[in-house]
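What follows is one structure encoded as structure tokens, with my remarks underneath.
Throughout, protein chains are lettered first and strands after them, A, B, ... in sequence-line order, and every chain is numbered starting at 1.
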There are 2 protein chains.
Amino acid sequence: MQSTLSKATLGRLPMYLQFIRGTDTEKVSAAQIARGLGLGEILVRKDLASVCAAGLPRVGYPVTVLRRDMEKALKMDGPISAVIVGAGKLGTALMEYDGFLDYGMKIAAAFDLSATAEPFFQGRVPVYSMEQLPAFCASRHVHAGILTVPAASAQNAADAMTAAGLTAILNFAPVPIRVPKNVTVHQENIALSLAYLHAMAGETKKQEKEKEYGSQRI
Amino acid sequence: MQSTLSKATLGRLPMYLQFIRGTDTEKVSAAQIARGLGLGEILVRKDLASVCAAGLPRVGYPVTVLRRDMEKALKMDGPISAVIVGAGKLGTALMEYDGFLDYGMKIAAAFDLSATAEPFFQGRVPVYSMEQLPAFCASRHVHAGILTVPAASAQNAADAMTAAGLTAILNFAPVPIRVPKNVTVHQENIALSLAYLHAMAGETKKQEKEKEYGSQRI
DNA sequence: GTATAGTCGGTATATCATTATCGATCATAC
DNA sequence: GTATGATCGATAATGATATACCGACTATAC
């Protein structure tokens, strides 16, 4: 258990969390997780040790403790609220996506230019006008947002989000956005991810270093 | 111009490509791209040099040549066809997503358990039954697929995809999937990406190493 | 009890990625 | 034509990450 988590480790924690959420045994070992995810056993052991000190030789980690510590490391002890900016096709699909709650994430609301002062509901998610974004984020202490607007308005929307106090943005618009230093952006260009994968698939034939399940990353 | 591209470089190429597609000048320099994307100038210069040898001092790279070489490095010289497996909310949203064509990607078809022998159309994309996946991929030489089925059926769908000859899978199901060694998987758990971002946003306050535009990754 | 096998945790090494530094090159200005 | 400044490309140094190794610990078997 250490205080400074490397970026790479942090990026793998979600995978581990996803895995141990799917285990029904009492204990789990680093080797099991490594096999299950196709990662190096030592790598997993080191990652686990950096977030949880409850590991016992010959036994492994108690699942409940490991999960709690991992959620703590990922700042998921409480439920995390996020907003969606852009109620187009993709934004609407995400509103109706039911996978968030399983991971302690909750879509608190959505915001769209076309919305009026009076919110309407898309599934269970209220859709407000963009003007209401700052007040909403401030009062509900929301710091994470998903950006699903067209490329042309991405920068404007991003500016509104950072102005509203969001510090984590998942950007589905197919353009990079400019944000202040203290904001973390994850660019999610699906088309280019596919292109990257396509290129990777061609390359890895040479490398042949991949494990049992191929390469995975978040 | 070198033959072996590092994984990290490969992951940044889409960002560069995205950027230079948005430039309307004749030439572009590594420094310009670096400033535009908030990356280190040296890093960008090295990445560009590894895919394109047409850079000239004081001038930079001719945009057309750079773009061509970059698309070649990403194996995007021709249009890439991909299929969507799972015609639920997310799958349907992606079918109607119009950002693919901009990047040389084309959704050739979708496949779903509920579909019948006679395909129906969702927007411009035909939806076939799962039985037709192998024949379709073989005849159209499709090697990339997007997986948008519920968690429970993710592994079955993935097996069908690998059996059909797909070697690049973008997995939106919230579970890791097992694939043969020669297949590359990109796990896209949106909920956990948000969690990662949320944790990162808390950490980066200490690090303070981020550049002008914060951190971005694909 | 004692041996054995599986697992953890820490240290050391190797690998990979990024940044810094330097000389070479080329257009522009004078 | 020469000086100047911007840029590239290569090499070297730093830093981050992943792997290998070793000792320590604990349950099970005998």
A/R58 CZ to D/dA27 P, straight-line distance once rounded to whole Å
10 Å

May I ask you to evaluate whether A/R12 reaches the phosphate of D/dA18, defined as a side-chain N or O under 4.0 Å from OP1 or OP2?
yes

Any idea which of D/dC8, C/dA17, C/dG6 is nearest the B/Y61 side chain?
D/dC8

Between C1' of C/dC16 and CG of B/D47, the distance in whole Å:
14 Å

Using heavy atoms to find the nearest nucleotide of DNA chain C for A/P57 and A/I42 separately, return the residue whose nucleotide is more 5′.
A/P57

Looking only at the side chain of B/A49 (C-beta and beyond, no hydrogens), which of the listed nucleotides C/dT7, C/dT18, D/dG9 gets closest?
D/dG9

Please tell me which of B/G60 and B/K46 maps to the more 5' nucleotide of DNA chain D, matching each residue to the nucleotide holding its nearest heavy atom.
B/G60

Side-chain atoms of B/R45 come closest, of D/dG9, D/dG5, D/dT17, to D/dG9

From CG of A/L10 across to P of D/dT17 the rounded distance in Å is 11 Å

Whole-Å distance between D/dT17 P and A/L39 CG?
16 Å

Measure CD/A/E41 against P/D/dA18 and give the value in whole Å, please.
16 Å

Describe, in one word, how the ring planes of A/H143 and B/H198 are oriented to each other, choosing from parallel (under 30°), tilted (30 to 60°) and perpendicular (over 60°).
tilted

Pick the closest DNA chain D nucleotide for A/V59 and for A/L43 by heavy atoms, then say which residue is nearer the 5' end.
A/L43

For atom CD1 of A/I33 and atom P of C/dG6, their distance in whole Å:
19 Å

Taking only residues two or more places apart in sequence or in another chain, which ones pass side-chain hydrogen bond (donor to acceptor under 3.5 Å, both in side chains) with B/Q155?
B/D159

Check the pair A/Q18, B/N189 against side chain to side chain donor-acceptor pair (under 3.5 Å), reporting the backbone distance first and the verdict last.
CA-CA 9 Å; A/Q18 184 167 269; B/N189 191 317; 2.6 Å; yes

Within a strict 4.5 Å, meaning less than it, do heavy atoms of the A/T184 and A/I169 side chains meet?
no

Provide, to the nearest angstrom, the distance between the CG atom belonging to B/L13 and the P atom belonging to C/dA17.
13 Å

Over how many whole Å does the gap from A/L48 atom CG to C/dG9 atom P extend?
8 Å

Nearest 0.5 Å, what's the CG-CD1 distance between B/L39 and B/I33?
10.0 Å

B/A8 side chain: which of C/dA17, D/dT17, D/dA27 is closest?
C/dA17

